[in-house]
Amino acid sequence: MSWQQRIEQHLAQRCASDSLRTRQVNESGSGRFLVHNGKRHLNFSSNDYLGLSQHPEIVRAWQKGAERYGVGSGGSGHVTGYSSAHHLLENELAQWLGYPRALGFISGFAANQAVIAALAQKQDRILADKLSHASLLEAAMLSPAQLRRFAHNDVQALADLLAIPCEGQQLVITEGVFSMDGDQAPLGEIAEATRRAGGWLMVDDAHGIGVLGEEGRGSAYQQRIKPDLLVITFGKAFGVSGAAVLCSDDVADYLLQFARHLIYSTAMPPAQACALSAALDVIRKGDERRSRLRDNIADFRREAAQLPLGLINSHTAIQPLIVGENARTLSLAARLRERGFWLTAIRPPTVPTGSARLRVTLTAEHTREDIEALLEALHDETR
Ligand SMILES: Cc1ncc(COP(=O)(O)O)c(C=O)c1O
């Protein structure tokens with residue numbers, strides 16, 4: 001089969017199973033409203049949980065950073081790309097989360113890939129929650145280590161796997177808040193099982209950081225554990241983009257030698273690091289935003305429980321409504337869009353077959369009226 005035939009076949013398969021992915025151009029997509037084709041929609045798809053992507057102080061910090069440093073970093077951090085703005089941000093993050101070191105990355109995807117690739121060797125075993133993000137599972141699959149996935153949030157299944165003798169080291173991987181289900185990992189028990197087996201724990205807290213715990217310190221802090229490797233990302237509650245790995249001095253120095261995504265990739269612009277420092281400031285003082293978000297979650301769940309759709313036991317900003325079939329999910333999303341609500345239909349392979357869903361994300365910027373309007377439309381469309 002030629003390249004062209006192979007590509008055509010794969011695209012045809014996606015079309016036939018209603019799982020073709022497309023992108024929609026918007027005029028503004030991260031805030032409370034998403035504007036598409038000149039029409040304003042209430043946005044229930046953005047991960048901007050605290051509404052910081054439009055925050056004037058953060059926007060201003062980026063502008064001032066660009067005026068001071070220019071718009072690009074000029075190279076990898078190992079060459080010219082590690083500015084005083086990057087250095088300051090890393091120190092602030094390490095201090096906030098109580099780690100010796102933080103290392104900035106251009107994205108969470110890159111951070112996860114880099115850490116796993118740099119650490120895992122042939123004789124090692126990686127134990128990852130089945131529902132871990134693609135960036136984690138893919139890196140683990142590509143690594144020379146053995147990958148075993150454990151049933152979602154099942155600590156006993158994890159402990160059983162950890163008990164199987166392993167020639168090398170064991171790395172347990174999970175998330176603070178799961179990206180497609182919104183539920184949380186029992187981090188305390190996972191950390192304990194990992195510690196007993198002499199392994200290391202890596203937690204990706206992309207969706208918990210900024211939102212959970214005192215001063216928004218995230219899932220691990222909330223559950224009183226300190227993973228050996230904590231990955232936080234800045235594209236969600238921080239409202240920007242990028243990521244950081246929190247770790248010990250030795251691990252940071254090791255990653256500076258062996259994390260190829262750091263060494264061979266242009267560092268984020270210094271102005272972005274300035275914006276992230278400003279975002280961190282807002283997050284630390286952000287109790288009111290976090291409390292508005294919690295109220296919105298509670299309001300949504302109370303009413304959504306009456307819908308003839310599956311509501312997952314999630315108490316975070318991610319509130320998926322399970323529809324089941326791809327075609328039905330797509331048509332429900334399209335009808336809601338007609339009515340001015342922007343929700344994304346998430347389908348396999350992102351989620352297991354038969355569990356296509358509307359991934360509702362709530363933010364601190366939504367008002368009670370926004371949520372009531374969405375629920376009314378959902379009631380109408382699923383009657
Ligand atoms: C759990 C999780 N980890 C990592 C990522 C990737 O982060 P980034 O968008 O910064 O690449 C995402 C999604 O974006 C995610 O949901």
Side-chain angles (χ1 to χ4, degrees), residues 21 23 29-30 45-50 52-53 86 89-90 93 102-117 126 128-142 149 152-153 171-185 187 190 201-212 218-220 222-223 227 229-246 259-262 265-269 272-273 275-276 279-280 283 312 314 316-320 344 346-347 349-352 357 359-363:
R21 291 168 165 140
R23 299 179 300 173
S30 59
S45 279
S46 164
N47 294 324
D48 185 13
Y49 301 131
L50 299 178
L52 300 194
S53 70
H86 293 88
L89 173 66
E90 288 183 349
L93 291 168
L103 290 183
F105 283 79
I106 53 160
S107 74
F109 204 101
N112 284 337
Q113 300 262 310
V115 168
I116 293 169
I126 297 174
D129 187 290
K130 265 210 158 86
L131 297 191
S132 297
H133 190 256
S135 54
L136 295 162
L137 290 177
E138 189 186 278
M141 273 187 289
L142 293 174
R149 303 177 199 204
H152 180 49
N153 278 346
L171 179 67
V172 174
I173 297 179
T174 191
E175 295 179 19
V177 173
F178 285 85
S179 57
M180 293 300 139
D181 287 43
D183 58 342
Q184 293 166 263
L187 292 178
I190 289 176
L201 175 62
M202 172 175 180
V203 174
D204 173 345
D205 202 24
H207 298 276
I209 199 71
V211 175
L212 300 173
S219 306
Q222 187 190 41
Q223 298 192 44
L229 296 139
L230 173 65
V231 178
I232 60 171
T233 71
F234 305 134
K236 288 129 174 96
F238 272 75
V240 188
S241 78
V245 177
L246 285 296
R260 300 168 72 78
H261 298 66
L262 270 186
S265 184
T266 303
M268 71 167 65
Q272 185 177 336
L276 287 166
L280 176 58
I283 282 177
I312 285 182
S314 153
T316 67
I318 303 166
Q319 292 291 327
T344 311
I346 309 279
R347 292 154 289 157
T350 306
V351 292
R357 62 197 66 187
R359 180 175 179 270
V360 178
T361 49
L362 300 170
T363 76

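Numbering of ligands and ligand atoms starts at 1, following listing order. Residues: numbered from 1 along the sequence shown.
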Do you see a donor-acceptor pair shorter than 3.5 Å between the side chains of Gln184 and Ser219? no

Ignoring hydrogens, what is the shortest heavy-atom contact between [X] and [Y]? Give both atom names and the distance.
X	Y	value
Val177	Ile318	CG1-CD1, 4.2 Å
His86	Ala267	NE2-CB, 4.2 Å
Asp48	Ser53	OD2-OG, 2.5 Å

Distance col, row Leu171:CG vs Leu201:CG, nearest 0.5 angstrom, shows 8.0 Å

Shortest protein contact, [atom] (heavy atom only):
atom	value
atom 3 (N) of ligand 1	Asp204 OD2, 2.5 Å
atom 13 (C) of ligand 1	Lys236 NZ, 2.8 Å
atom 15 (C) of ligand 1	His133 CD2, 3.2 Å
atom 8 (P) of ligand 1	Gly108 N, 3.3 Å

Within ligand 1, which atoms have a heavy atom of [X] less than 4.0 Å away?
X	value
His207	1 (C), 15 (C), 16 (O)
Glu175	1 (C)
Asn112	3 (N), 4 (C)
Ser179	16 (O)

When you measure from the side chain of Ser314 to the backbone N and O of Gln319, does any donor-acceptor pair fall under 3.5 Å?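 Side chain of Ser314 to backbone of Gln319, a donor-acceptor pair under 3.5 Å: no, none is there.
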
Parallel, tilted or perpendicular: which describes the rings of Tyr49 and His207, with under 30° parallel and over 60° perpendicular?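 The arrangement is tilted - the two ring planes meet at 30° to 60°.
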
Based purely on interatomic distance, does Thr233 place a nitrogen or oxygen under 3.5 Å from a nitrogen or oxygen of ligand 1? no

Tell me which one of Phe109, Phe238, Phe105 gets a heavy atom nearest to atom 6 (C) of ligand 1. Phe109

